[in-house]
Amino acid sequence: MGAMQHSDGDFITVLLQDEIGGLQVLHQNQWVNVPPIPGALIVNIGDFLQLMSNDKYISVEHRVIANKDVSRMSVACFFGDNVQSSKLYGPITELLSEDNPPKYRATAVKDYWSYIRDKGLDGTSALLRYKI
Ligand SMILES: O=C(O)CCC(=O)C(=O)O
Ligand SMILES: [Fe+2]
């Protein structure tokens, strides 16, 4: 299975990939292979952690290169609040100051996910919608 370039919408994603590999992350504008390491988990920062940390942590653009001759399996666990939650989340107050004003407005988790669902994987970041 391949996946086009995207960042995950959740808080963090924990990934287990098999020995086939194929996952790449965008680092300094270059696609870099993430080589499979037996027993290792990959932890990706998602957009929601970027929003709540007010850009202290930046979500990672990644993609999966498919090889039509070899099948590949991966297990992804997406961590975040319940996607139906009406709870509002924004940049964490303790991180904010005069020098570090909020870069995003708060959003209800369910509104955030319904926006992402409607938007689809169009290559743009959902965070643009919440940028102040
Ligand atoms: O299969 C992988 O290694 C990554 C999958 C992925 O990026 C995703 O499910 O969001
Ligand atoms: Fe992903």
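Throughout, residue positions are numbered sequentially from 1 according to the sequence presented. For ligands, and for the atoms within them, numbers begin at 1 and follow the listed sequence.
Put simply, the side chain of Asp8 never gets that close to the backbone of Ile45: no donor and acceptor are under 3.5 Å apart. Side chain of Gln24 to main chain of Trp31: no donor-acceptor pair is present (N/O by atom type, distance under 3.5 Å, no hydrogens or angles). Looking at Tyr112, its side chain does come within 3.5 Å of a backbone N or O of Gly9 through a donor-acceptor pair.
Counting heavy atoms closer than 4.0 Å to ligand 1, residue Thr13 contributes nothing at all.
Residue-level check: among N/O/S atoms of His6, NE2 sits closest to the Fe ion (ligand 2). Among heteroatoms of the N, O or S kind in Asp8, OD1 lies nearest the Fe ion (ligand 2).
Near Asp8, meaning under 4.0 Å from any of its heavy atoms, are these atoms of ligand 1: 10 (O). Using a 4.0 Å cut-off to heavy atoms of Ser74, the atoms of ligand 1 that qualify are 1 (O), 2 (C), 3 (O). Atoms of ligand 1 lying under 4.0 Å from at least one heavy atom of His62, given by number and element, are 7 (O). Each of the atoms 8 (C), 9 (O), 10 (O) of ligand 1 lies under 4.0 Å from some heavy atom of Phe78.
Between Tyr89 and Phe48, the angle of the ring planes goes over 60°, which puts this pair in the perpendicular group of the 30/60° scheme.
Distances from atom 8 (C) of ligand 1 to the heavy atoms of Arg72, Met4, His6 show the closest one on His6.
With respect to Val25, the side-chain contact (heavy atoms from CB on, under 4.5 Å) criterion is satisfied by exactly one of Ile42, Asn33, Val60: Val60.
Between Ile37 and Glu19, the closest side-chain pair of non-hydrogen atoms is not below 4.5 Å.
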